[in-house]
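Report on the following structure.
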There are 2 protein chains.
Amino acid sequence: MTARFARRLDGMRASEIRELLKITQQPEVISFAGGLPAPELFPIAELKIVAAEVLDREGPRALQYSTTEGEPGLRETIARRMNSQLGTAVRAEEILVTSGSQQGLDLTGKVFLDDDDEVLCESPTYLGAINAFRAYRPRFVEVATDDDGMVPEELERSVAGCRHPKLLYVVPNFQNPSGRTWSLARRQAVLEAAARHGLVVVEDDPYGQLCYEGTTPPALASLARGGPVIYLGTFSKIFCPGMRVGWLAAPREIYEKYALVKQGADLHTSTLAQCQILAYLERFDIDASIARIREVYRRRRDAMLRALETEFPPGVTWTRPRGGLFLWATLPEGVNARDALVRALERDVAFVPGGSFFPNGGHENTMRLNFSIMPEERITEGIRRLGGVLRELCAAPAGTTGPA
Amino acid sequence: MTARFARRLDGMRASEIRELLKITQQPEVISFAGGLPAPELFPIAELKIVAAEVLDREGPRALQYSTTEGEPGLRETIARRMNSQLGTAVRAEEILVTSGSQQGLDLTGKVFLDDDDEVLCESPTYLGAINAFRAYRPRFVEVATDDDGMVPEELERSVAGCRHPKLLYVVPNFQNPSGRTWSLARRQAVLEAAARHGLVVVEDDPYGQLCYEGTTPPALASLARGGPVIYLGTFSKIFCPGMRVGWLAAPREIYEKYALVKQGADLHTSTLAQCQILAYLERFDIDASIARIREVYRRRRDAMLRALETEFPPGVTWTRPRGGLFLWATLPEGVNARDALVRALERDVAFVPGGSFFPNGGHENTMRLNFSIMPEERITEGIRRLGGVLRELCAAPAGTTGPA
């Protein structure tokens, strides 16, 4: 017999990035493909200390089932950090510990989306959010976004074309994939429009603390007026991703629905991981550790920007991110980044073609470049090789490459 | 504004057990309510050793993102253990590591269930499965089940009344909540009927290794003929639940769909937890540890059965489980277990009224009693107090208590 699957699977496909990552794990590959934090910066020695401490001090409790909402002490600490760093006014009772912020996205889809509800998002937007939401069969409406962030007039126009506009999903800081950061004025204008149209704003903020120039603008969750903002945070980029611990902050009425669906999804996030992270936050200075991460990533970003200037051919443009892990390059019209990837992989260089980040397709002449995982000299060498590929493709007669 | 939630939330409610557990965490309460393994049996010293070893040996990798499918070494080990203990013939490529087997249930709903599809299940059935599946808006069809397991003729009759029968969800070993175990003949007959009707069988087996008398009958996954069986396993009851690591085994065509929805749900299960469990399995003898767990739980079950004989009033019946964590008591018709719970809590005794385990309601004269978490003398004392409550209720004039 053939199993009959749910209709929601029809539109779903595996993340191109994760499939690509399997190929690019050979050590000789210079990978700009993943979104991996640099493992040499993980606080391994500190974690070894707290792992032993937690088991000694509260082993039976740390290994037992716990509440769906999360460890009370960790929720307190997260709320306090958010309020001091982001200017929010969240209470511990509004923090739900999640199994990474990817789970925050999945729960968001589950709490809010019926078939054909509209999710408004930046264009391009985070691929993991597309994949999470797709399971709930929404329509994606991409809102034009420029170097200052989502364009409020375009949001108005997009909402006007919607039948059931429900969520506004955004990554305002050092966005994945574009590296762009929204200005304060855009944050205010978009929030105002969202409230007017009854949209629930989902602010995904994995990179806000990874700022390499100036300061990160205020979080939407701190500016909200009138409409609800769900804030998604994670320890993946400031601590380590392998433990899968993130959180969300939501107004209480909405929070209860999240807790309900989280209970059905996995009962609760690892008690042990939560106890270890809390012990780490209490015993060590995570902000000093984040400062070290910022310094390393800033140098890597600078190395990539320098190499791009000299190696990429005329006609290719790119963003200059002030933080985060990614920059975004646009090739001349008609040059296909998937063709470039095939040739790049032959030279042991990997990146992600940008088309995947547009839920409604197109934009095959774009690419996402990660600068957090490779040391500077490999970034320089990888961009040199990639520049060679692009020079070949950009020089090819028109028509030999085209949109897939 | 009021947020508009997805329609799927209409039918969902918080698990009565988890709400109850919050009340019963005071140390003076004798709790038969949860399904908690005994924390004094957690391998804390061993875990401390492997936690340090994993960080020393492979810290950067263990704290990094990893593949959705799970750590290759752990998948190999799980497949090998299943094949040697259950007589299955699964390959490592068919094992998906999940964030507890609760996630296996959620992913199952996501992969298979459209609105109004039918899920056939035992009556009563596991509450966590009801909650996980409910998010996908199926119809639950309870199939009559006796002390030998699901009744094949009743399954035939139930399927005949279905429009879109999709899943057959079962817990054949030491079931939660009833403590019942299916006979081999029933396993064969039900599998045969399921294959004939094109049902996907979901075999949830958290307790199979906790057998206190005789041997656990063969797994459905080892007997399957013609139709697919998805097997759900977990380390929660044989290692510890706080790390949230379980797995599922599925035929490859179905497996790929599970991996796809798992990717959107949480990317992957904690790399660190997987590495630690694998290191534990390689370095220590988990079967010796499981033997110790069995010995302690067997004595606790015996203590509960002895106390029930002397303390529970005539007219109350109960199951005599050969393994697992639970037994199931049935009060005389018209006596409501929720009334008993109110009076029991006044005497610092907790249990779960059985009505929650029937997705379509009713059966308010039933109760689930856990025997794994309390030491023997507290079991004896708790059953003594509970017997007092039941004697009062059973003696009350008819009509003073009734179905809620």
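Each chain gets a letter, A, B and so on, in the order the sequences are listed, and its residues count up from 1.
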Interchain contact, [X] with chain B, by part (heavy-atom threshold 4.5 Å):
| X | value |
| --- | --- |
| A:Thr98 | neither |
| A:Pro37 | both |
| A:Leu167 | neither |
| A:Ala265 | both |
| A:Gln276 | side chain |

* Between B:Asp266 and B:Gln103, do the side chains contain an N or O donor and an N or O acceptor separated by less than 3.5 Å? ->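 Yes, side-chain donor-acceptor contact under 3.5 Å.
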* Do B:Ser372 and B:Leu36 touch side chain to side chain, with heavy atoms closer than 4.5 Å? -> no
* Contact check, side chains of A:Ser66 and A:Glu71, non-hydrogen atoms, under 4.5 Å ->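 With C-beta onward as the side chain, the pair touches.
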* Does A:Asn370 use its side chain to pair, donor to acceptor, with the backbone of A:Leu325 at less than 3.5 Å? ->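 Side chain of A:Asn370 to backbone of A:Leu325: a pair is present.
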* Asked: Counting N and O atoms only, with roles assigned by atom type, does the side chain of A:Thr67 sit under 3.5 Å from a partner on the main chain of A:Gly70, one being a donor and the other an acceptor?
  -> yes
When [options] are compared by non-hydrogen pairs under 4.5 Å with chain A, the top option:
| options | answer |
| --- | --- |
| B:Gly128, B:Pro241, B:Ala135 | B:Pro241 |
| B:Leu47, B:Val54, B:Ile49 | B:Leu47 |
| B:Ile130, B:Leu113, B:Leu41 | B:Leu113 |
| B:Leu105, B:Asp115, B:Asp56 | B:Asp56 |

* Might you work through the side chain to side chain donor-acceptor pair (under 3.5 Å) test for A:Ser99 and A:Thr269, ending with a clear yes or no? => CA-CA 5 Å; A:Ser99 303; A:Thr269 294; 2.9 Å; yes
* Asked: What part of B:Glu69 is in contact with chain A, defined as an atom under 4.5 angstrom from a non-hydrogen atom: side chain, backbone, both or neither?
  ->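 Looking at B:Glu69, just its side chain touches chain A.
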* Per-residue contact mode, B:Ile373 against chain A (heavy atom under 4.5 angstrom) ->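 It is the side chain, since no backbone atom gets that close.
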* Residues which pass salt bridge (charged side-chain N to carboxylate O under 4.0 Å, His left out) with A:Lys166, listed by chain and number, not counting sequence neighbours ->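 Listed in chain order: A:Asp117.
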Hey, which of [options] has the most heavy atom pairs under 4.5 Å with chain B?
| options | answer |
| --- | --- |
| A:Lys110, A:Met12, A:Met243 | A:Lys110 |
| A:Arg61, A:Lys257, A:Glu40, A:Gln274 | A:Lys257 |
| A:Ala52, A:Gly100, A:Ala129 | A:Ala52 |

* Given A:Asp204 and A:Tyr126, is the side chain to side chain donor-acceptor pair (under 3.5 Å) satisfied, shown in steps? -> CA-CA 9 Å; A:Asp204 191 2; A:Tyr126 171 51; over 6 Å; no
* Output yes when A:Asp116 and A:Arg139 qualify as a salt bridge under the 4.0 Å nitrogen-oxygen rule, no when they do not. => no
